[in-house]
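Worksheet: one structure, shown below.
The structure displayed is predicted, hence computed values, not measured ones.
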Amino acid sequence: MTDAHDGVDPVALTRWLAAEVPQVELGDGPVAVERISGGHSNLTFRVTDARGTPYALRRPPTGGVLATAHDMGREWRFLTALAGTAVPVPEPVALCSDTAVLGAGFYLMGWVDGVVPGDRAAGEAVPEPERRACGLDTAEVLAALHAVDPAEVGLGDLERPGRYLERQLRRWHRQAHAGAFTDLAALDAAHAALVEAMPPEPDGRPRIAHGDFRPGNLSFRGGRITGVFDWELAALGEPLADLGWLLASWERPGDTLPAITSGPTAAPGWPDRDLVATRYAERSGRALDQLPYWVAFAHWRCACIGTGVWTRYAQGNMGSGAESGEALERRRERVVADAEAALAALRRGPTGRPRGA
């Protein structure tokens, strides 16, 4: 059972469940709560009721976050909008906007069985014979997400004036400069190159962009995706931003550019990036001629995110005090490497190989 200071007080949660969520079976004591993921992103907990039925609870980090970040109501809205579509999302159960219950808003959703391969070690649980199918289904589910008409599922009012890409370039650049990280030369150079090389705006209305679509936010079972999680960065935007992020995270043997995050795909059995991109193009009908730009944008955005993480660790706002100088230096080097990878990716083809190779 989790400690109340870990982000969820089981007693307070049980009182709220008793009043608001009758489908959860309560016994004589509080529900069992176990933290299963989280760090500088939203936290996820497994909640088990008296009948043994598991649920998942999502809440913001417990400190050192931006006032505008980690909006549980927004994440809940995307989850409920996509329930019943071709996108496999957990069943929405209940939203709590009363911050007095757990110190922040949170929501409860159904538990989804499967493997969530957030890193290489977790990915070993995906059987090798299923990995190719898992990789191709990743592309198919992303295409299914981008096929959803936001207006038809009640999200049309989230469309904002101006272009999504331009807003993203401004937002993340401004956020990188707002923190304590000062080694910004490579990041600024990549930003300038991305602004100069900006592709034409796509035809049609914006689609739902997940914002962090990668294997670590998906659940796999039997060669298929059983759940798409972590909707905190979702917005109405440009679909190829999601595909670029996915491919930038899709590590493969022999890569010369660093993957933006740890994942399972360097292991045997996972398909190469070109197969994933091709399957997405087949299912979505979208051309991939601008994909190198979006892979570069993903590396640059990862660098911007990294500056914020570096700042929070340097200031001791990650729950375990300030990191050592050596650890902070490694984080600094990674931010610079991600920014440099963005510049390199602009010169590469959609699959990560140099143009003409």
Side-chain angles (χ1 to χ4, degrees), residues 37 82 85-90 111-148 207-231 239-292 294-295 298-299 302 341 345 348-354 357:
S37 73
L82 290 166
T85 70
V87 183
V89 295
W111 187 262
V112 176
D113 287 329
V115 177
V116 180
D119 54 30
R120 294 185 185 185
E124 291 298 318
V126 178
E128 185 171 342
E130 296 178 3
R131 293 173 185 171
R132 177 184 170 87
C134 288
L136 296 178
D137 198 47
T138 300
E140 294 179 7
V141 168
L142 185 59
L145 170 64
H146 295 158
V148 174
R207 312 305 280 185
I208 299 171
H210 179 277
D212 194 12
F213 194 89
R214 56 185 174 83
N217 284 327
L218 308 173
S219 177
F220 296 95
R221 187 180 63 204
R224 302 297 300 273
I225 293 174
T226 55
V228 182
F229 311 117
D230 199 351
W231 293 89
L240 288 185
D242 273 345
L243 183 59
W245 187 264
L246 174 64
L247 297 184
S249 73
W250 202 269
E251 184 181 11
R252 295 298 293 154
D255 282 351
T256 57
L257 295 182
I260 58 176
T261 187
S262 177
T265 57
W270 291 90
D272 286 335
R273 276 185 294 270
D274 57 348
L275 292 178
V276 175
T278 298
R279 180 59 61 91
Y280 174 85
E282 291 171 349
R283 292 294 189 266
S284 69
R286 291 186 174 86
L288 302 183
D289 54 309
Q290 299 296 336
L291 186 53
W294 291 102
V295 172
H299 283 282
C302 184
R348 291 172 177 256
T351 63
R353 293 188 289 268

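Taking all atoms of both residues into account, the shortest heavy-atom contact from Leu288 to Leu243 is CD2-CD2, 3.8 Å. Closest heavy-atom contact between Pro271 and Leu136: CG-N, 4.2 Å. For the pair Asp137 and Arg224, the tightest heavy-atom approach, listed with the atom from each and the gap, is OD1-NE, 3.2 Å. Across all their heavy atoms, Arg214 and Ser249 have their closest contact at CB-OG, 3.5 Å. For Pro253 against Ala266, the heavy-atom pair with the smallest separation is CG-O, 3.6 Å. Here the closest heavy-atom approach between residue Tyr280 and residue Pro239 is recorded as OH-CB, 3.6 Å.
The main-chain N or O of Val126 is found under 3.5 Å from a side-chain atom of Arg131 such that the two form a donor-acceptor pair. Proximity of a side-chain donor or acceptor of His146 to a complementary backbone N or O of Leu240 within less than 3.5 Å is not detected. Of the possible donor and acceptor atoms, one in the side chain of Asp119 sits under 3.5 Å from a partner among the backbone N and O of Ala122.
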Quick one, Val228 with Phe213, criterion side chain to side chain contact (heavy atoms under 4.5 Å, CB included). Give me CA distance, side-chain angles, the key distance, then yes/no. CA-CA 8 Å; Val228 182; Phe213 194 89; 4.1 Å; yes
Test side chain to side chain contact (heavy atoms under 4.5 Å, CB included) on Ile260 and Trp245 and set out the steps. CA-CA 8 Å; Ile260 58 176; Trp245 187 264; 3.4 Å; yes
Please determine whether side chain to side chain contact (heavy atoms under 4.5 Å, CB included) holds for the pair Leu145 and Asp242, giving the CA-CA distance in whole Å, both sets of side-chain angles, and the decisive distance to 0.1 Å. CA-CA 10 Å; Leu145 170 64; Asp242 273 345; 4.1 Å; yes
Could you give me the CA-CA distance, side-chain angles and deciding distance for Leu275 and Thr278, then say whether side chain to side chain contact (heavy atoms under 4.5 Å, CB included) is met? CA-CA 5 Å; Leu275 292 178; Thr278 298; 5.6 Å; no
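Counting only heavy atoms from C-beta outward, the side chains of Pro215 and Leu246 approach each other to under 4.5 Å. For the pair Val141/Leu218, no side-chain contact is recorded, criterion being any heavy-atom separation below 4.5 Å from C-beta on.
At a cut-off of 3.5 Å, with distance as the only test, a side-chain donor of Thr226 or Ser219 sits close to an acceptor on the other residue.
Partners of Arg207 under the salt bridge (charged side-chain N to carboxylate O under 4.0 Å, His left out) rule, at least two apart in sequence or in another chain, do not exist in this structure. Applying the salt bridge (charged side-chain N to carboxylate O under 4.0 Å, His left out) test to Arg286 and every residue at least two apart in sequence or in another chain returns nothing. When the ring pair (Phe, Tyr, Trp, His ring centres under 6.0 Å) test is applied to Trp270, the partners found at least two apart in sequence or on another chain are Phe220, Trp250. Taking the ring pair (Phe, Tyr, Trp, His ring centres under 6.0 Å) definition, one finds that His299 meets it with nothing, sequence neighbours left out. Remark: Phe229 pairs with no residue by the ring pair (Phe, Tyr, Trp, His ring centres under 6.0 Å) rule, at least two apart or across chains. Under the rule for a salt bridge (charged side-chain N to carboxylate O under 4.0 Å, His left out), the partners of Asp272 that lie at least two apart in sequence or sit in another chain are Arg252.
To the nearest 0.5 Å, atoms CG (Leu291) and CG (Asp274) are separated by 11.0 Å. Taken from CG in Asp255 to CZ in Arg273, the straight-line distance is 4.0 Å, to the nearest 0.5 Å.
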